[in-house]
Amino acid sequence: MCGIVGIVGCSTVNQSIYDALTVLQHRGQDAAGIVTIDNQNRFRLRKANGLVKDVFQEHHMQRLQGNLGIGHVRYPTAGSSSPSEAQPFYVNSPYGIALAHNGNLTNTDELRNKVFELAKRHVNTNSDSEVLLNIFANELDKFPTFPLTADNIFNAIHNVHSIIKGAYACVAMIIGHGLVAFRDPYGIRPLVIGKRVLENKKIEYMVASESVALDILDFEFMRDVEPGEAIYICQNGQLYSKQCSDNPQYYPCIFEYVYFARPDSLINGVSVYQSRIEMGKKLGEKIAREWKDIDIDVVIPIPETSCDAALEIARILNKPYRQGFVKNRYVGRTFIMPGQSARRLSVRRKLNANRIEFEGKNVLLVDDSIVRGTTSKEIVEMVRSVGAKKVYLASAAPEIRHPNVYGIDMPVASELIAYNRTVDEIAKVIGADKLIFQDLSALIDSITEQNPNIRHLECSVFDGIYITGGIDNSYLSSLEKKRGESKKFLASKESENLEIYNEGQ
């Protein structure tokens, strides 16, 4: 999961892209990058590992000149955490193209060979995003005329859709042309577009992963980019759009609403905040039905994504709602931190239990989801250590039993705590006295009730259905093998205590 942004402005866009990336930081904390096109038609690039505030210093911002730019925050799933795989990527032919990508391709190995053998293009990293960029560049290279027309660009994206598989929302720039944005034919990864009308009536455009990025820059939300749709905005500000997929369908990622997106975002016509309220309502009703004999003294969320759901659960159960954990806001989100050991070690640094809310009480903890169980186990142990009598745990999402191949770091089934375990067995591993999960149908309803046009959601981590096709046991086994090799490599590098290369110091 990553965050992307692109702006076509009437003045320098570097600060606006920086500001947008800071509010998309929750989508990726591993690396950040910005590339602009200056008035001499040259790319100006800065990218490195780290948070937005650490990657971009004043001297970097001064160099990022230009009225057109794109930005990216990375959460690594394909490839590695190497600084060389920070985005955006660029190629010098045709014209010069830079691209940032949120999502994950599922036929990367096949594409990598095709790019090298047929297109004679070299991909220098393990990133599927660089593969995608070269596929796009090769399709644009088939049009000999200059400048490219909007139809040329849309035809190239139509061909890209037919070649690549997986989930992707992309923003790109073409030297001498403008900004391009497109979304996969299933709309798995989110992408929105907005505009800002200046006093002189000129219009600036912006695309981003979430509407909150538009909000903080006073861009008016126009709409979601449709599944399979492409947007082309010329450097002079003229906007073109076209459906570039033969069979577009809405299958947005359900986990955007469960965990990833900010609550103040509107994605696919659905308020993330309202969907989490509904999740709490439906889970509270299930608890009231199935746990009538359970004595609960207090409802406490595991911050922060679950707070809205927990408040609704407390209302339905008619129990006190308390903030029992104090969060250290200077520690990153454990789920998106690369490496299981890093996640485990960070839990105690991230949260501390307020003894007065737990001592001598039967506590219902509420979390948005349970993935590997590492955080849940640590928190249950922490709560018991401050005197809780009974520890019950409720998850606003169902059991996660299947790998994710579309850009969420759940690629190996054996790492998931619910894999081949019953609910009671999961509770035992975590150490909870009782455990309850949301029903998948209730979770889906929590989201789709706001937008009847969304008839389906991408729910593969819950139901094992991979809508893009081509995902079988052989593919998943290969993915698991690569995952293991990657973990060994990262462990060896950590043990060497290598200094990280940081470009553009």
Side-chain angles (χ1 to χ4, degrees), residues 1-9 11-36 44-76 81 83 86-88 98 100-102 169 171 173 179 181 189-194 196 204-221 256 259-267 272-273 303-305 327-338 346 350 407 502-504:
M1 193 69 61
C2 300
I4 61 173
V5 61
I7 299 178
V8 178
S11 58
T12 302
V13 297
N14 53 2
Q15 186 64 52
S16 293
I17 294 176
Y18 176 96
D19 292 341
L21 291 181
T22 60
V23 298
L24 295 175
Q25 187 76 84
H26 60 284
R27 301 188 66 86
Q29 301 171 347
D30 186 66
I34 295 175
V35 60
T36 59
R44 297 281 190 163
L45 172 66
R46 165 63 180 171
K47 60 179 182 177
N49 277 7
L51 301 176
V52 174
K53 67 180 180 64
D54 298 320
V55 169
F56 302 102
Q57 305 301 316
E58 184 177 354
H59 62 283
H60 301 129
M61 299 296 289
Q62 289 174 348
R63 290 201 298 263
L64 292 169
Q65 296 299 309
N67 298 354
L68 179 65
I70 62 176
H72 185 270
V73 286
R74 179 179 68 178
Y75 152 71
S81 295
Q87 297 187 46
H101 161 223
N102 171 31
V171 60
M173 297 187 299
L179 183 141
R189 299 270 70 87
L191 192 63
V192 300
I193 181 169
R196 183 168 61 187
E204 299 179 314
Y205 290 100
M206 176 178 177
V207 292
S209 295
E210 295 184 32
S211 63
V212 66
L214 305 178
D215 296 340
I216 61 108
L217 293 172
D218 291 326
F219 276 77
E220 175 191 350
F221 174 81
E256 290 284 350
Y259 179 83
F260 276 109
R262 275 181 44 148
D264 46 345
S265 283
L266 187 73
I267 298 179
V272 175
Y273 170 77
E304 292 180 289
T305 318
K327 183 175 182 179
N328 181 351
R329 300 182 184 276
Y330 301 97
V331 176
R333 297 173 88 174
T334 55
F335 173 59
I336 61 175
M337 292 179 68
S346 71
K350 176 182 175 182
N502 193 355
E503 66 174 298

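The figures here come from the full heavy-atom set of this structure, side chains too, leaving out hydrogens, waters and symmetry mates. Quick note: residue numbers are just sequence positions, from 1.
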Participant: How about M1 and R189: do any of their side-chain heavy atoms sit closer than 4.5 Å?
Facilitator: yes
Participant: Apply the test side chain to side chain contact (heavy atoms under 4.5 Å, CB included) to residues T22 and Y18: give CA-CA distance (whole Å), side-chain angles for both, the deciding distance (0.1 Å), then the verdict.
Facilitator: CA-CA 6 Å; T22 60; Y18 176 96; 3.8 Å; yes
Participant: Determine whether a donor-acceptor pair (N or O, by modelled atom type, separation under 3.5 Å) exists between the side chain of H72 and the backbone of H101.
Facilitator: yes
Participant: Where the side chain of N102 meets the backbone of G3, is there a donor-acceptor pair that is under 3.5 Å apart?
Facilitator: no
Participant: For residues 206-217, please give each side-chain donor-acceptor pair under 3.5 Å, one per line with the distance, not counting sequence neighbours.
Facilitator:
from : atom 1 : to   : atom 2 : distance (Å)
S209 : OG     : I4   : N      : 2.9
E210 : OE1    : R262 : N      : 3.0
E210 : OE1    : S265 : OG     : 2.6
E210 : OE2    : H26  : NE2    : 2.8
E210 : OE2    : R27  : NH1    : 2.7
S211 : OG     : L266 : N      : 2.7

Participant: Given 3.5 Å as the limit, does a donor-acceptor pair link the side chain of E256 with the main chain of P190, or not?
Facilitator: no
Participant: List for me each residue that meets side-chain contact (heavy atoms from CB on, under 4.5 Å) alongside V35, sequence neighbours excluded, and say none if there are none.
Facilitator: F43, L45, I70, P88, A98, M173
Participant: Going by heavy atoms in the side chains, are Q29 and Y75 under 4.5 Å from each other?
Facilitator: no
Participant: Consider only side-chain N and O atoms of N49 and R74, and report whether a donor and an acceptor are under 3.5 Å apart.
Facilitator: yes
Participant: Using 0.5 Å steps for rounding, measure from the NE2 atom of H59 to the CE atom of M61.
Facilitator: 11.5 Å
Participant: Looking at residues at least two apart in the chain, or sitting in another chain, which of them share a salt bridge (charged side-chain N to carboxylate O under 4.0 Å, His left out) with E220?
Facilitator: none
Participant: Check whether any side-chain heavy atom of I267 sits under 4.5 Å from a side-chain heavy atom of V272, and report yes or no.
Facilitator: yes
Participant: Determine, step by step, whether D264 and Y273 satisfy the side chain to side chain contact (heavy atoms under 4.5 Å, CB included) criterion, reporting the C-alpha distance in whole Å, the side-chain angles of both residues, the deciding distance to 0.1 Å, and the verdict.
Facilitator: CA-CA 6 Å; D264 46 345; Y273 170 77; over 6 Å; no
Participant: Any side-chain heavy atom of V55 sitting closer than 4.5 Å to one from K47?
Facilitator: no
Participant: Counting C-beta onward and ignoring hydrogens, is there a side-chain heavy-atom pair between L21 and V5 closer than 4.5 Å?
Facilitator: yes
Participant: So do the side chains of L68 and I7 get within less than 4.5 Å of each other, counting heavy atoms only?
Facilitator: no
Participant: E204: which residues meet the side chain to side chain donor-acceptor pair (under 3.5 Å) condition with it, sequence neighbours left out?
Facilitator: R196
Participant: List the atom of V73, the atom of C2, and the distance in Å for their closest heavy-atom pair.
Facilitator: O-CB, 3.1 Å
Participant: Please assess I34 against F56 for the test side chain to side chain contact (heavy atoms under 4.5 Å, CB included), listing each intermediate value before the final yes or no.
Facilitator: CA-CA 9 Å; I34 295 175; F56 302 102; 3.4 Å; yes
Participant: Around atom CZ of F221, are there more than 12 heavy atoms from other residues, nucleotides or ligands closer than 6.0 Å?
Facilitator: yes
